[in-house]
Amino acid sequence: MSPVHRADVTAAPPAPGKTPAPRLVSGLVVRTRGAGLSLRVPGRSVAVGTVLLAVLIVLMGVSLTTGDFELSVTEVVQALTGSGSPGADFIVNTLRMPRLVTGVCVGAALAVSGGILQSLTGNALGSPDVIGFTNGSAVGALTVIIVLHGSMTQIAIGALIGGLATAAAVTLLIAGRGLQGFRLVVIGIGVSALLLAVNSYLITRATFQEALEAQAWLLGSLNNRGWSQANAIGIAVLVLLPVAFLLARRLAMVEMGDLTATALGVGVARTRTLLLVVCVALAAFATAVAGPIWFIALAAPQVARRLTRSSTPALVPTALMGAVLLTASDLAVQRLFTDALLPVGAATGTIGGLYLIWLLVTESRKSRA
């Protein structure tokens, strides 16, 4: 590996009909011998990612050690290594750890899914929540709950099928017209409204017990999540997130526009299709195991981009931000509402609603400027 060098000056994405303006790309460049491979490491993104990782570790430690039965760090470590007492082992490995792993993975998956979609559409509102992918997963899950009376595993499969089917329908509706601008967002909002009506109809046809179960699932929750859910979303994240990270450079080039990306050697149509598949799969798997948890996919990418001050998608900090937001929200509902068993979707919905109002006001002011 050759010595590390400062990054060079590159060109910013040009506006239509205008000459690209140079900008300084901060960070470090690592090159292999012979310059066969070169990798730019943005210094601020690394710093933000390191801080977010530290915050996530602290939140995980608090989640495992506090609660109705408080444990010391030593007891938690002993339980995780198999040398703890039976009580500590049950509390850590059966009750708390599966829920924590599910929350971390779901938060990361939703955040990266939202980050990819916002980048592809060039719109801050482009997230699986707004475009209807989440409601599509909900239709699949409710169909299994109310019509097929399926098990938890079948509900997860139904949610996955529903999310993928919705993405396919939206893609067909915009076929040949591209993902830029508000087109995908507007079509997605229409599809989402239609699916929401289908969800309401399904609940009206359910028995009282089925309606309670369906409504509990629709709120989005990490309650009673075990290792089956944690393993499912863990495997999905281990497979899909590396693919997303590897495609991050192409995604940044696609943001510059089709002509620029093509000139740089990027197969735009193929890249968009692959990224959209990864985006939908992440959102569908996350919804399948935890229900529709709102606004993580909308807020996490924007917050991460503002913290890193990056002009390109910072998917690693975005994943960490999503994991931090969901873990912190779940920890809050567990410790502040101990008697109510409040679902984490209620907390993210409240925070996300305020964020959405702020985002809409900000975007409105920018459009008037």
Side-chain angles (χ1 to χ4, degrees), residues 13 42 45 49 105-134 136-137 160 163-164 166-168 170-171 174 178-185 187-188 191-192 233 236-258 261 266-288 292-308 310-323 325-326 352 359:
S45 294
C105 292
V106 167
L110 289 175
V112 173
S113 176
I116 291 173
L117 202 53
Q118 287 174 6
S119 182
L120 287 176
T121 60
N123 194 316
L125 293 175
S127 79
D129 309 351
V130 177
I131 291 179
F133 298 165
T134 303
S137 296
L160 181 61
L164 295 174
T166 302
V170 172
T171 302
I174 63 171
L179 297 176
Q180 298 87 352
F182 284 91
R183 185 180 295 112
L184 179 62
V185 174
I187 292 176
V191 172
S192 181
I233 187 62
V237 164
L238 288 175
V239 172
L240 294 171
L241 284 191
V243 177
F245 296 155
L246 288 173
L247 292 172
R249 185 178 180 184
R250 294 188 190 181
L251 181 61
M253 294 179 183
V254 170
E255 275 193 348
M256 297 180 183
D258 291 1
V266 176
V268 175
R270 184 174 62 254
T271 299
R272 277 208 179 98
T273 301
L274 185 56
L275 284 167
L276 190 59
V277 169
V278 172
C279 163
V280 173
L282 284 170
F285 273 108
T287 306
I293 297 179
W294 306 101
F295 294 113
I296 295 294
L298 178 69
Q302 293 296 313
V303 175
R305 183 170 281 203
R306 281 173 169 78
L307 288 176
T308 58
S310 174
S311 59
T312 59
L315 293 186
V316 174
T318 295
L320 292 170
M321 177 59 69
L325 288 178
L326 190 53
L359 180 62

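A quick note: this is a predicted structure, and the numbers were derived from the prediction, not measured.
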If you compare all heavy atoms of [X] against all heavy atoms of [Y], which two are closest, and at what distance to 0.1 Å?
{"X": "Val237", "Y": "Pro242", "value": "O-CD, 3.5 Å"}
{"X": "Leu282", "Y": "Val112", "value": "CD1-CG1, 3.8 Å"}
{"X": "Val106", "Y": "Ala286", "value": "CG1-CB, 4.0 Å"}
{"X": "Ser137", "Y": "Ala284", "value": "OG-CA, 4.0 Å"}
{"X": "Ala167", "Y": "Phe133", "value": "CA-CE2, 3.6 Å"}
{"X": "Gly49", "Y": "Leu320", "value": "O-CD1, 3.3 Å"}

Would you check if the side chain of [X] reaches a backbone N or O of [Y] as a donor-acceptor pair within less than 3.5 Å?
{"X": "Thr318", "Y": "Ala314", "answer": "yes"}
{"X": "Gln118", "Y": "Ser127", "answer": "no"}
{"X": "Ser113", "Y": "Ala109", "answer": "no"}
{"X": "Ser192", "Y": "Gly188", "answer": "no"}

Do Leu164 and Val280 touch side chain to side chain, with heavy atoms closer than 4.5 Å?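 Yes, at least one pair of side-chain atoms sits under 4.5 Å.
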Quick check: do Pro128 and Leu117 have side-chain heavy atoms less than 4.5 Å from each other?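 Side chain of Pro128 against side chain of Leu117, heavy atoms only: contact under 4.5 Å found.
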Hey, could you give me the [atom1]/[atom2] distance between [X] and [Y], rounded to the nearest 0.5 Å?
{"X": "Leu240", "Y": "Phe245", "atom1": "CG", "atom2": "CZ", "value": "11.0 Å"}
{"X": "Leu241", "Y": "Leu246", "atom1": "CG", "atom2": "CG", "value": "11.0 Å"}
{"X": "Met253", "Y": "Leu247", "atom1": "CE", "atom2": "CG", "value": "12.0 Å"}
{"X": "Leu274", "Y": "Arg250", "atom1": "CG", "atom2": "CZ", "value": "7.5 Å"}

What's the verdict on side chain to side chain contact (heavy atoms under 4.5 Å, CB included) for Leu251 and Leu120, showing C-alpha distance, side-chain angles and the deciding distance? CA-CA 8 Å; Leu251 181 61; Leu120 287 176; 3.8 Å; yes
Determine, step by step, whether Thr134 and Thr166 satisfy the side chain to side chain contact (heavy atoms under 4.5 Å, CB included) criterion, reporting the C-alpha distance in whole Å, the side-chain angles of both residues, the deciding distance to 0.1 Å, and the verdict. CA-CA 9 Å; Thr134 303; Thr166 302; over 6 Å; no
Step by step, would you call Leu307 with Met321 a side chain to side chain contact (heavy atoms under 4.5 Å, CB included)? CA-CA 10 Å; Leu307 288 176; Met321 177 59 69; 3.4 Å; yes
Would Phe295 and Leu325 count as a side chain to side chain contact (heavy atoms under 4.5 Å, CB included) if you check the C-alpha gap in whole Å, the side-chain angles of each, and the deciding distance to 0.1 Å? CA-CA 10 Å; Phe295 294 113; Leu325 288 178; over 6 Å; no
